[in-house]
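Small disclaimer: the values here were computed from a predicted structure and weren't measured. Computed over heavy atoms, backbone and side chain alike; hydrogens, waters and symmetry mates excluded.
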Protein chains: 2
Amino acid sequence: MNLTTAEENYLKAIYHLSEEGKKSVSTNDVAAEMNTKPASVSDMLRKLGEKEVIQYRKYYGVHITEEGKRRALQTIRKHRLWEVFLVEKLNFAWDEVHEVAEELEHIQSPLLIQRLDAFLNFPKFDPHGDPIPDEYGDVRSRPRIPLNEMEVDQSGQIVAVKDSSAAFLRYLDKVGAYIGARIKVLDKVEFDGSLEILVDQKKTLFMSKDVGSNILVLQS
Amino acid sequence: MNLTTAEENYLKAIYHLSEEGKKSVSTNDVAAEMNTKPASVSDMLRKLGEKEVIQYRKYYGVHITEEGKRRALQTIRKHRLWEVFLVEKLNFAWDEVHEVAEELEHIQSPLLIQRLDAFLNFPKFDPHGDPIPDEYGDVRSRPRIPLNEMEVDQSGQIVAVKDSSAAFLRYLDKVGAYIGARIKVLDKVEFDGSLEILVDQKKTLFMSKDVGSNILVLQS
DNA sequence: AAAATAATTTAGCTATATCTAAATAAATAT
DNA sequence: ATATTTATTTAGATATAGCTAAATTATTTT
């Protein structure tokens with residue numbers, strides 16, 4: 001049984017919301033995430049329930065099923081592989097890839113994805129540092145902490161961002177930070193939690209606690 | 001004003017039918033080409049007429065407009081660039097690419113196509129030997145003749161096929177012919193027009209007149 | 001020129017995916 | 001425990017893209 005593009009997008013949104021720890025995901029949550037109206041969501045939840053990728057009880061929100069999770073992870077896998085392709089092969093900036101990947105992820109061809117994966121040399125993380133699920137939906141994530149929770153003198157590598165809005169990504173680019181950059185915490189201001197960071201053993205960078213909390217670091 | 005995926009597909013079909021020399025393209029022709037019913041075509045022609053990519057007079061078929069031609073060629077350009085990508089980078093066989101390219105051609109991102117074009121080194125022909133229109137819809141085609149119209153002892157290179165059905169492409173693969181192969185006509189049987197061909201200065205190949213008429217050759 | 005046939009269009013239906021407005025259920029506050 | 005507020009669903013639209021069956025127009029045959 002196949003899902004339409006719209007259904008795939010809803011399922012992906014429900015998967016992401018489910019991962020945020022809540023027991024169940026509400027109609028309103030989904031509407032906010034998808035930028036649609038709750039009325040449209042109700043209808044879609046009924047359909048997804050019938051297709052058994054979610055468990056839906058009217059008025060009480062939804063739970064994603066195992067089958068639903070599997071399918072959402074397939075879509076996420078495709079999205080992230082295309083992002084790697086766009087950045088590494090077509091020289092897109094990492095803040096330009098999301099929209100296009102959002103379209104590419106719905107192309108139906110298991111062979112295409114297999115070949116793309118091989119062509120890209122089986123990448124394990126996308127350009128934002130998010131892990132790429134394997135064919136079976138397994139994800140190997142790296143242990144990572146927000147930059148602002150590191151101690152002075154500790155070092156690591158930027159591997160992901162929490163807020164991947166275009167605005168934030170552009171900001172990072174501007175100040176010379178990027179996924180993969182090697183960093184060291186030079187100073188933490190006790191008063192406001194702002195940080196002084198050494199990037200790639202060259203540049204010194206000042207950032208607010210807020211910015212720091214949006215940057216995830218693999219410690220070394 | 002944008003076209004939907006379905007509208008793009010109809011327009012492409014109308015463009016191809018228009019190229020076959022007829023003055024105007026009929027509803028039935030389009031229905032046959034698109035595997036839909038004439039009733040559905042009537043409706044779509046009305047819409048495409050309103051969007052001014054075709055000129056539509058009820059009961060008298062359609063003419064594609066300049067704007068329509070420009071748009072059809074953009075879609076064809078995208079389709080053929082993706083085919084090159086699938087064959088050259090992802091190692092697809094040339095008889096496996098059509099379906100996937102049919103989906104990929106509808107991704108909306110001028111930047112993507114620009115970058116893909118550059119990544120592929122600005123190819124001028126797709127894996128079937130068909131020319132790739134440039135950004136402005138200009139097409140440079142090579143003069144080419146059907147293999148069965150060549151004389152004995154003449155040489156050339158296979159650059160395209162007329163019938164690009166999967167069955168025919170598989171047949172060619174099986175017998176060791178391919179786009180790009182250098183060939184020489186060793187013999188033509190007067191009785192039935194069948195041919196004896198030397199492929200890549202190594203293999204000898206016998207083929208019927210029918211097969212020969214489906215293979216297009218750039219003479220040298 | 002009328003009749004028969006073929007091509008095309010229209011009308012009305014289905015399915016998807018959205019919306020607004022109204023109705024209803026659940027949660028919260030008094 | 002009742003009233004208010006919030007969340008959710010239902011009902012009824014709209015738009016796209018397809019279908020069948022009936023109606024209409026164009027073409028061909030006699």
Distance, rounded to the nearest Å, where B:Leu11 contributes CG and D:dT16 contributes C1'
17 Å
ring-ring contact (aromatic ring centres under 6.0 Å, His included) partners of B:Tyr10, counting only residues at least two apart
none
Dump the intermediate steps for salt bridge (charged side-chain N to carboxylate O under 4.0 Å, His left out) on A:Arg80 and A:Glu83, then the final yes or no.
CA-CA 5 Å; A:Arg80 293 182 181 166; A:Glu83 287 197 344; over 6 Å; no
What is the distance from CE of B:Met1 to P of D:dA15, rounded to the nearest Å?
17 Å
Please report, rounded to the nearest Å, how far the C1' atom of D:dT10 is from the NZ atom of A:Lys47.
15 Å
Pairs under 3.5 angstrom only: tabulate donor-acceptor contacts from the side chains of residues 54-63 of chain B to other protein residues two or more places apart or in another chain.
residue, atom, partner, partner atom, Å
B:His63, ND1, B:Lys23, O, 3.0

Any chance you could measure B:Leu147, atom CG, to B:Ile197, atom CD1, to the nearest 0.5 Å?
4.0 Å
Please report the distance, rounded to the nearest Å, between CE in A:Met44 and C1' in D:dT8.
17 Å
Rounded to whole Å, CD of B:Glu8 lies from P of D:dT16 at a distance of 15 Å
Side-chain polar contacts of residues 38-46 of chain B - donor-acceptor pairs under 3.5 angstrom, sequence neighbours left out - could you list them?
residue, atom, partner, partner atom, Å
B:Arg46, NH1, B:Glu50, OE2, 3.3

What does the list of N/O pairs under 3.5 Å between the protein and nucleotides 23-26 of chain D look like, with a distance for each?
residue, atom, partner, partner atom, Å
D:dA26, OP1, B:Tyr60, OH, 3.3

Please find the earliest and latest nucleotides of DNA chain C, in the 5' to 3' direction, that have an atom within less than 4.0 Å of any heavy atom of chain B.
C:dA7 to C:dT10
Which residues, if any, of residues 27-43 of chain B bring a heavy atom under 4.0 Å of DNA chain C?
B:Thr27, B:Asn28, B:Pro38, B:Ala39, B:Ser42
I'd like to know if B:Arg71 and B:Glu67 make a salt bridge, using a cut-off of under 4.0 Å between side-chain N and carboxylate O.
yes
Ion pair present between B:Glu7 and B:Lys47, side-chain N to carboxylate O less than 4.0 angstrom?
no
Donor-acceptor pair between A:Asp163 and A:Ser165 side chains, under 3.5 angstrom:
yes
Over-ring placement of B:Lys89 relative to A:Phe85, 6.0 Å and 45° cut-offs:
no
With rounding to the nearest 0.5 Å, note down the distance linking CZ in A:Arg77 to CG in A:Asp138.
11.0 Å
So which heavy atom on A:Val84 is nearest to which on A:Asp126, and how close?
CG2-CA, 3.8 Å
